[in-house]
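Atoms within each ligand, like the ligands themselves, are counted from 1 in listed order. Just so you know, residue 1 is the first one in the sequence shown, and it goes up from there.
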Amino acid sequence: MVKVITYGTYDLLHYGHIRLLQRAKELGDYLIVGVTADDFDKVRGKINVQQSLMERVEAVKATGIADEVIIEEYEGQKIDDIRRYGVDIFTVGSDWVGKFDYLNEYCKVVYLPRTEGISSSELRQTRRAVSLGLVGEADFLNKIEQESRYVNGIHVSGICTRSLSRLSDAIRELGFATESYEELLDRVDAVYIRSQPEEHYAQVKLALERGKHVLCEAPMALSEAQCRELQQLAEEKGLVLMDAVKTAYATAYARMLLLLKGGKIGKVVSVDATCTSLRDTEGQDPDEAGRHWDGVYEWGTTALLPVLQLLGVNYRSKTCAVRWFDEKKEHDSFLKADFVYPEAVATVKAGTGVKSEGELVISGTRGYVYVPAPWWKTDYFEIRYEDPKDNKRYFYQLDGEGIRYELVAFAKAVETGKQSYAVNPTASAAICRFMEDFRAGRDLIEI
Ligand code: C2G
């Protein structure tokens, strides 16, 4: 009996896949098909897969061509499978020609001509093309435009900005740039907002009123009440409203939260998060400096995330020590906020005028989590215990600082109509409440 094996993602199964499976089967008597696991796809940069693993497995089974279906979970598994199943022939489409020659050591390798004119990414493109408008002045928008190229079904089609000259060629070549927010809203399905935080509430509200989906850099408003109002409006209109805090969409960060919720370190008693980056604003013209966000917004929102997502929003008390850039006290250079919860404590350090170790430490009754700097670009964390033999290390690929995963989650939410809860509404509102208190000088101590 000649055993054949082939592998694939088989997302939105199409006739190109079916023809490949048929020809694979014709190479032998028994066909094993390996369907790639979600995490394995993410690791190899396939971030736009639409269907769940089980849906894809069922689709392959439904063809009736495969004699056995297995899951491909890790790099190098092909060699293990060829040995484990006693495979004679490994086959895959010609888009991989040469890539699996190393398997010749274990069995025969056959590349089958790929079927032209059909691919899962094209199917994904046609299914949900969301035209996205960018809003704001920040260089950060250049990154969004770049990262959007990795995401199926979303294309940046225009920008509303007051400083086009400072933005990338790619953004200038978008073909549509305006200073009129209304004009932009007329031309897009959704907006990505990275303007000054003071502008967020009005811009989010107008977009929702005009029936547009919104991905807004947190804070989406500067008061809890305004944030709740926006959430309500989005719900009423059946629109997607998401916080753009890229860390929340990183696989490693999301998995870390799940492990902690599952009691991996016992009860969480303390969260210490630090996010700093030094920005030299010396001699910068006010307009240039104005394009940058203050530390409380730039880093406060990210540093607050693990505190609010692990300990909740009902802290008993909070104090916030702040250092200003200058005697005008308009721009904070560093802040340290201490929270006391009924059964836990937390500390957030954030700043663009003071440098510190950007780590995250989460302490529990059985162990602790250590996320090395820059923790907010989360791809690795350790769980440490009293007995080091029990320590565990976790790594999840993170490409492009995590922005592309945020855009994929947004595109999926727009397509399915299901909100993504990477940043749940309660945490989102609590971030806005913190900003409200900060601006009102509540619980503030100046240093
Ligand atoms: N295929 C094809 N014609 C197409 C599209 C895909 O022949 N128009 C083939 C691919 O070459 C592959 C199989 O169908 O052999 C599954 O394709 P994908 O789902 O895109 O999977 P892929 O990412 O190519 O995975 O470890 C994974 C494998 O290495 C291949």
His14 versus ligand 1: do any nitrogen or oxygen atoms come within less than 3.5 Å of each other? no
Is the distance between the ring centroids of Tyr249 and Tyr405 less than 6.0 Å? no
Thr36, any N or O under 3.5 Å of ligand 1 N or O: no
Under 3.5 Å between any N/O of Thr115 and any N/O of ligand 1: does that happen in this structure? yes
Going by heavy atoms, is Glu116 under 4.0 Å from ligand 1? no
Under 4.0 angstrom from ligand 1, any heavy atom of Lys46? yes
Please list all pairs meeting side-chain hydrogen bond (donor to acceptor under 3.5 Å, both in side chains) that have one or both residues in residues 255-266, counting only residues at least two apart or in different chains. Asp39-Arg255
Taking C-beta and beyond as the side chain, do Arg56 and Thr9 meet within less than 4.5 Å on heavy atoms? yes
Hey, does Thr9 come in under 3.5 Å of ligand 1, counting only N/O atoms on both sides? yes
Under 3.5 Å between any N/O of Arg44 and any N/O of ligand 1: does that happen in this structure? yes
Lys78 N/O to ligand 1 N/O under 3.5 Å: yes
In ligand 1, the atoms that come under 4.0 Å of a heavy atom of Glu72 are 26 (O), 27 (C)
Tyr7 neighbourhood, listing ligand 1 atoms whose heavy-atom distance to it stays under 4.0 Å: 25 (O), 26 (O), 27 (C), 28 (C), 30 (C)
Just which atoms of ligand 1 are under 4.0 Å from any heavy atom in Ile118? 4 (C), 8 (N)
So which of Leu360, Val423, Thr302 actually passes side chain to side chain contact (heavy atoms under 4.5 Å, CB included) with Thr247? Thr302
Using a plain distance cutoff, I'd like to know if Gly93 has any nitrogen or oxygen under 3.5 Å from a nitrogen or oxygen of ligand 1. yes
Crowding at CD, Glu236 (>12 non-hydrogen neighbours, <6.0 Å): yes
Does an N or O from Ser119, backbone or side chain, lie closer than 3.5 Å to an N or O of ligand 1? no
Please state whether the rings of Tyr341 and Tyr315 are parallel, tilted or perpendicular, taking 30° and 60° as the class boundaries. perpendicular
Quick note on ligand 1: atoms under 4.0 Å from a heavy atom of Val92 include exactly 15 (O)
Are Phe90 and Phe100 close enough that their ring centres sit under 6.0 Å apart? yes
